[in-house]
Number of protein chains: 2
Amino acid sequence: MAKGKFDSVSDPVSPLPRYLEIQRDLQARIASGQWVPGSRVPAEHELQAQYHCSRMTVNKALSALAKAGLIIRRRRSGSFVAMPRSQETILNIQDIKAEILAKGKAYRFEILTRQERAMTTDDALQLRVTPGGQVLAISVRHFANEFPFVVEDRLMNLAIVPAARDEPFIVSPPGTWLLDVVPWTNAEHVIHAELADQRIATLLGIPKKSACLAIERRTWQGDATITWVRLTYPGDRHQLTSHFRPGGPLIP
Amino acid sequence: MAKGKFDSVSDPVSPLPRYLEIQRDLQARIASGQWVPGSRVPAEHELQAQYHCSRMTVNKALSALAKAGLIIRRRRSGSFVAMPRSQETILNIQDIKAEILAKGKAYRFEILTRQERAMTTDDALQLRVTPGGQVLAISVRHFANEFPFVVEDRLMNLAIVPAARDEPFIVSPPGTWLLDVVPWTNAEHVIHAELADQRIATLLGIPKKSACLAIERRTWQGDATITWVRLTYPGDRHQLTSHFRPGGPLIP
DNA sequence: CCGGCTATTATGTATAGACAAATTAACCGG
DNA sequence: CCGGTTAATTTGTCTATACATAATAGCCGG
């Protein structure tokens, strides 16, 4: 005999690892409706016999399906096809510089205003911290191919990011700089629509009272808020797009 | 001796499985910046010695970290702390009925229009399929506590969902019904801002030309488009919120 | 000095066996 | 028939080992 992996019975040379084969096979049965929600998935030892492999291999496939939320596993009871999940999608909000460059457009930005000040009540509210300390307030306009792309209004908590005080933000805009310099642990996004006021209209070069997409983001490091930012996009020119597959990271 | 699991050396009774302990420990070192991006993670056999366990256990922890994108693994080279990831967040777009009920408000809906027709060119474009076949076009208004909440304009591909033809949509609105009945494999979302036209303004009870948040969703089953839907929310009253932790599903 | 071969190394996948924990099912005494 | 104890089942975790695979490092001949 030559070599032949582990000499699996019926599959001489499989391009896909065994556990992924099993995983996809089970996933297909669930997606196709062959196994309806609530129905029982064969026990590990049964699948082991069916697929002619060890229990660990079956376990790896089943655990992945469980982590993806396609099945529910309970000791002694067995595994069951999960109920249809509420819709959930992965929205990729890139760093603005990366976002524009990814579209193959020329990127440029300009600092509109920059102010270092004692934290006001409003600042504290928006950062969701107790007042006190200093903040750096910065407004930036980003351009794609020399067209105004988005207006950024940002508050940075200088108690957490003192280095920002001495950063001129010449090569990188504040958002990109922060991403590179400060590790963050939590983020919150709020997306809504609003009408352009005079300032936004002028800065984006759009008519006053046209629709804008506003994204607000708060970023934390542990319990401390690092920064709050509000990005205002022209609503008709910008849109957020996302794709989603249930059992998301399963089929990479 | 009584029993004592596997008699691990220094940890008599651990409430957490070993691989999770290791995983969290490594994760903490990465998050804290102790291991900077690009730096090398000890090899499996080193960690095995450090944590006093088998290589498979270490492997499980490292594989999970790799899947979560915290480290990059390469054969022969070793494992390395990943570069800071582009911002990515999980946006939860619930089924409307569930969304309203979750807010503790009374839910009601009404069918505004319903038309079964041969697929028009526009329909085909929006469903992204080649023309031909029948579609069901439905408009629905959803209420929360008797206030207009969102307007839904939907196209359903009757070639894929013939059952919709005979469904009166009395107990459940089309979206909820579809979620319960039809398994889907892919979805695409597009979010943008726009101004309310006369119809939307009337239906939502808001001034004409006020800002609206529009969410369009296309849902597939394999290659076939099941449905296209456009949800129009009042921009000032509705917002999408999401939280995100890097290394998301790691800390359940 | 360059290009290709070989040895080494780290990860990837898989096996078989073992004990632990949880929960259901069966049983049995009152 | 009820309630509690015991047994059986299923998943969860872990070990030790083995071979596969990819990629680097080093060697060696031209």
Side-chain angles (χ1 to χ4, degrees), chain A residues 1-24 26 39-82 252, chain B residues 1-24 26 39-82 252:
Chain A
M1 272 300 192
K3 48 176 199 178
K5 220 172 179 174
F6 297 103
D7 287 327
S8 74
V9 177
S10 51
D11 205 343
V13 181
S14 51
L16 223 61
R18 204 65 180 279
Y19 76 94
L20 267 184
E21 249 180 61
I22 300 174
Q23 192 175 310
R24 293 197 180 191
L26 300 178
S39 66
R40 192 200 183 95
V41 174
E44 292 189 354
H45 69 267
E46 295 180 68
L47 292 173
Q48 168 188 355
Q50 277 181 39
Y51 289 102
H52 230 275
C53 65
S54 79
R55 190 170 80 94
M56 278 301 291
T57 305
V58 170
N59 184 287
K60 194 166 179 177
L62 288 176
S63 297
L65 289 173
K67 194 149 70 174
L70 288 195
I71 62 174
I72 308 286
R73 314 196 71 192
R74 267 177 309 173
R75 283 181 160 123
R76 159 74 222 212
S77 307
S79 305
F80 301 88
V81 178
Chain B
M1 273 301 206
K3 50 177 197 176
K5 219 171 182 175
F6 298 104
D7 286 327
S8 72
V9 177
S10 52
D11 204 343
V13 182
S14 51
L16 222 59
R18 204 65 178 280
Y19 75 94
L20 266 185
E21 248 180 60
I22 299 174
Q23 191 176 311
R24 294 198 178 191
L26 299 178
S39 66
R40 191 198 185 95
V41 175
E44 294 189 351
H45 70 268
E46 295 180 68
L47 292 173
Q48 167 188 357
Q50 278 182 39
Y51 289 103
H52 230 275
C53 64
S54 81
R55 190 170 79 92
M56 278 303 290
T57 305
V58 170
N59 183 287
K60 192 165 181 177
L62 288 176
S63 297
L65 289 173
K67 193 147 72 173
L70 288 195
I71 64 174
I72 308 286
R73 313 196 74 192
R74 269 177 306 174
R75 284 183 157 117
R76 158 76 220 212
S77 306
S79 305
F80 301 88
V81 178

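Quick note on labels: first sequence line is chain A, next is B, and so on, each numbered from 1.
- Proximity of B:K67 to A:K67: side-chain heavy atoms (C-beta onward) are separated by under 4.5 Å at one or more points.
- Computed from C1' positions of five pairs at each end, the angle between the two local axes of the helix from C:dC1-D:dG30 to C:dG30-D:dC1 equals 10°, rounded to 10 degrees.
- Taking the side chain of A:C53 as heavy atoms from C-beta on, and the options C:dT15, C:dA14, D:dG12, the nearest nucleotide is C:dT15.
- As a whole-Å value, the separation of B:F80 CZ from C:dT11 P is 9 Å.
- Residues A:R18 and A:K60 have side chains not in contact (no heavy-atom distance under 4.5 Å, counting atoms from C-beta outward).
- With contacts defined as side-chain heavy-atom distances shorter than 4.5 Å, the pair A:V41/A:V81 qualifies.
- Nearest nucleotide to the A:S54 side chain, out of C:dA16, C:dA10, C:dT11: C:dA16.
- Listed pair B:T57 / D:dT13 fails the phosphate criterion, with no side-chain N or O lying under 4.0 Å from OP1 or OP2.
- One finds a side-chain N or O of B:S79 lying less than 4.0 angstrom from the OP1 or OP2 phosphate oxygen of C:dT11.
- Under 3.5 Å, the side chain of B:R76 and the base of D:dT24 form at least one donor-acceptor pair of N or O atoms.
- Regarding contacts with the backbone of D:dC14, every side-chain N or O of B:Y19 stays at 4.0 angstrom or more from both OP1 and OP2.
- The residue A:R74 sits close only to the backbone: its heavy atoms come under 4.0 Å of sugar-phosphate atoms, none of a base.
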Stepwise side-chain contact (heavy atoms from CB on, under 4.5 Å) check, A:I22 with A:T57: CA-CA 9 Å; A:I22 300 174; A:T57 305; 4.2 Å; yes
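- Side chain B:R55 to base C:dG12: a donor-acceptor pair is found below 3.5 Å.
- For B:R73 and C:dT9, the CZ to C1' distance is 14 Å, given to the nearest whole Å.
- The side chain of A:N59 approaches D:dT13 more closely than any other nucleotide in the set D:dT15, D:dT13, D:dC14.
- Interatomic distance, CD1 of B:I72 versus OG of B:S79, reported as 9.5 Å (0.5 Å rounding).
- Looking at residues two or more places apart in sequence or on another chain, you find a side-chain hydrogen bond (donor to acceptor under 3.5 Å, both in side chains) between B:Y51 and B:D25, B:R29.
- The CG-C1' distance, from A:L16 to D:dT21, rounds to 15 Å in whole Å.
- Of the candidates C:dA21, C:dT24, C:dG12, C:dA21 carries the atom nearest the A:R75 side chain, counting heavy atoms from C-beta on.
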CA sep, side-chain torsions, deciding dist, call: A:R40, A:E46, salt bridge (charged side-chain N to carboxylate O under 4.0 Å, His left out): CA-CA 12 Å; A:R40 192 200 183 95; A:E46 295 180 68; 5.4 Å; no
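- Residue A:M56 contributes atom CE, which lies 15 Å from atom P of C:dA18 at whole-angstrom precision.
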